[in-house]
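Proteins get letters first, then strands, A, B, ... in listed order; numbering begins at 1 in each.
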Amino acid sequence: MSDMAGKRTSAESDESSRKKAKKGDSDGDVYNPYLAHMDPSPDSPFSGMTRRQVTAEQISKVEDLSANAFTGVEHTQKYFQILQTRRELPVHKQRQEFLDKYHSTQILVFVGETGSGKTTQIPQYVVFDELPNITGKLIACTQPRRVAAMSVAQRVADEMDVKLGEEVGYSIRFEDKTGPKTMLKYMTDGMLLREAMHDHDMSRYSCIILDEAHERTLATDILMALLKQIASRRSDLKIIIMSATLDAQKFQRYFNDAPLLAVPGRTHPVEIFYTPEPERDYVEAAIRTVLQIHASEPDGDILLFLTGEDEIEDACRKISLEAEELTREVDAGPLAVYPLYGSLPPQQQQRIFDKAPPALRKGGRVGRKCIISTNIAETSLTIDGIVYVVDPGFSKQKIYNPRIRVESLLVSPISKASAQQRAGRAGRTKPGKCFRLYTEKAFKKELIEQTYPEILRSNLANTVLELKKLGVEDLVHFDLMDPPAPETMMRALEELNYLACLDDDGELTTLGGLASEFPLDPALAVMLISSPEFYCSNEILSITSLLSVPQIWVRPANNRKRADEMKAHFSHPDGDHLTLLNAYHAFRGQGSDSNMLKQWCHEHFLSFRHLSSADNVRAQLKRIMETHSLDLLSTPFEDKNYYTNIRRALLAGFFMQVGMKESSGKVYRTVKDHQAVLIHPSTVLRAEFDWVLYNEFVLTSKQYIRTCTGIRPEWLLEIAPTYYDLEGFEDGEVKRSLQRAAEKKRRKEAMKAGR
DNA sequence: GAGCACTGC
């Protein structure tokens, strides 16, 4: 079915590309003497090739030379072996077709299913056509994830027989593996966006390839809109949008009816089964299905998709228990069950690649493994050997409520595209089966086609700041593929205005420009930039880093009490931010031997992984501060204001995230949105504070505020006088309380003056 | 008295 649809779209676009090609012939490819230097010299391996007119045959000739055309080094035997396998990839058959289309247009949409070879091959074809060794301009290929950028770059460096980091490199946060000779650069989409902030025309590149565009990450969506704009002012820039879905028409339409090329994939067929009736309890149904497969289906590993850590651990236990029973009672083979989710330590994540267990006795049935995973196995991790997929049809998805400015996670039905992706996981090594725990009717009628792009489900404060820095003047008319709700945009603009990153006309302020230099949310960036005024930028730098990595506290289900006791050692009575700082200082005080540090973290129930990454982040943020001459200061530890200064500095960024205790007792109310919230049970904060600032608002079984620090109301009036201008405040407990604080402050000042 | 799907700069 997918093949047919692919052919249909490809035929349709053939015509439009022919029209464009004709147009190009008449006004584009006229001989231009000023570009003569762009032609390779007669003694070069590329002689006879004209940039952007190269043929597949010419490329093959150069590839077959005994020496590498780019480096002059003799090719290894391995190179020719790889070359052979490359020429068997589906995409290779259409190399000339690709080049023809690429020559005919500025923007090309390329659809290649899994196994087509698009990510490794297309950028190489472009290299031979663009001749970056002569123009000096780079070719970029973006990926949504770091590991992909790194591993694909390595693979392509091998294929081109060059050293990684020289002709072929990659660029991701914390690591730039490119050099002066680099022609082809794999990078994360976020990294290209960062670069664009300082080079609005992306002038270093002659061709930009956006890979995995169907994933619709925030960065990809912004890049698409940006590139669409840039394309109209830079006629020499070419763009390729690569996607895995059949939703290519949407990309084509968005890019002014850009031509399309579709290449089939190379996967095995997957048979789909639906349940005849809707399932009431999907976890129970999933467990039952896994056990049925184990008892009655031929060899092959199983992949089950569930939504989160708890659900997965629970299902693992139940399946293991029941499988043992099956082994005893009906002589089924052994079943090894492995959980898989993002917060699992890497060592345990690795176990999913273990071989399935052997038969228990000679002649007995062979074992299989069953992996129970979150969405991480849908895109980020690929496991070979999976033959059976069990798909209950749910995943946790981020949603944003602009009214109360809260992002939360909600278990929701997946999209058709997601269901297809999941099923595809069963056909990587041989034909497979996918058991969908919903009816065929539900699949057809109830599931949406595509998961909503991230841009429709996020707080956009950060995005809006980035866009301003990218030189986008008119946000309302900025041509995004899926424009977000106006209310979400308004909320973002409002927040940035309160943070003084945008002025009242919506223009970027000096502070806003500086804030956008940091890879942080605007509130964190503003807090960091303001911290020298509070004589504690070193400490705020540490806290900011700790807040931008996952929780450093480890709390295993079987050892919660001990973990809480260890955390108490670091606790500071004034709040969680200071507690984080204490733990970090203790960590840094342990020396640099990484084995010792790991041991120390283990004993103290701290995450070595996350503390180390906080260290990495800190170093990066520190460099940015130094570049912009922001002072790194500390109040002497003996000074009685050491901790007070830090608490006040926190408010410089988080003055909008403040709650006041209601007179009734435990419940706090957020100051502007009037939401009733509880302080999260993980807090170290004692009850005596009437006012707290919080790092995040979490919406789970109840409304919680998490990572809280006690503050004094008069600080709000000093540090954020505009936001806390009482004139504009609604009457109520909050306003009366702030008025009393203002009164107290005036009396104090009067007394000081009178003395 | 409880949670953190997944990425990215």
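- Residues meeting the salt bridge (charged side-chain N to carboxylate O under 4.0 Å, His left out) test with A/E309, sequence neighbours left out: none.
- Taking the nucleotide of DNA chain B with the nearest heavy atom to each of A/G308 and A/E466, the more 5' of the two is matched to A/G308.
- Under 3.5 Å, the side chains of A/T178 and A/D176 contain a donor-acceptor pair of N or O atoms.
- Residue contacts for A/R145: at a heavy-atom cut-off of 4.0 Å it reaches the sugar-phosphate backbone alone, with no base atom in range.
- Between A/F394 and A/Y282, the distance separating the two ring centers is shorter than 6.0 angstrom.
- At the heavy-atom level, A/Y704 lies under 4.0 Å from the strands shown only through sugar-phosphate atoms.
- A/S395 comes within 4.0 angstrom of nothing in the nucleic acid, heavy atoms only.
- Note on A/K398: a base of the nucleic acid sits closer than 4.0 angstrom, heavy atoms only.
- Among residues two or more places apart in sequence or in another chain, the side chain to side chain contact (heavy atoms under 4.5 Å, CB included) test is passed with A/S571 by A/T579, A/V684.
- For A/K567, there are no salt bridge (charged side-chain N to carboxylate O under 4.0 Å, His left out) partners two or more places apart in sequence or in a different chain.
- Contacts of A/Q620 with the nucleic acid, taken as non-hydrogen atoms under 4.0 Å apart, are absent.
- The residue A/L409 sits close to a base: some heavy atom pair falls under 4.0 Å.
- Salt bridge status for A/D576 with A/R706: absent, with no side-chain N to carboxylate O gap under 4.0 Å.
- If you check every strand for non-hydrogen atoms under 4.0 Å, A/R146 touches sugar and phosphate atoms only.
- Along DNA chain B, the nucleotide nearest A/Q397 and the nucleotide nearest A/D521 are compared for position; the residue whose nucleotide lies closer to the 5' end is A/Q397.
- The residue A/R216 sits apart from the nucleic acid: no heavy atom pair falls under 4.0 Å.
- Residues of residues 186-201 of chain A having a heavy atom closer than 4.0 Å to DNA chain B, listed by number: A/T188, A/G190, A/M191, A/R194.
- Boundaries of the chain A contact region on DNA chain B are B/dG1 to B/dC9, first to last in 5' to 3' order (nucleotide atom under 4.0 Å from a heavy atom).
- Residues forming a salt bridge (charged side-chain N to carboxylate O under 4.0 Å, His left out) with A/K469 (at least two apart in sequence, or on another chain): A/E517.
- Side-chain contact check for A/D189 and A/T217: at least one donor-acceptor pair (N or O, by modelled atom type) lies under 3.5 Å.
- The cationic atom of A/R422 (NZ for Lys, CZ for Arg) lies less than 6.0 Å from the six-membered ring centre of A/F305 and within 45° of the ring axis.
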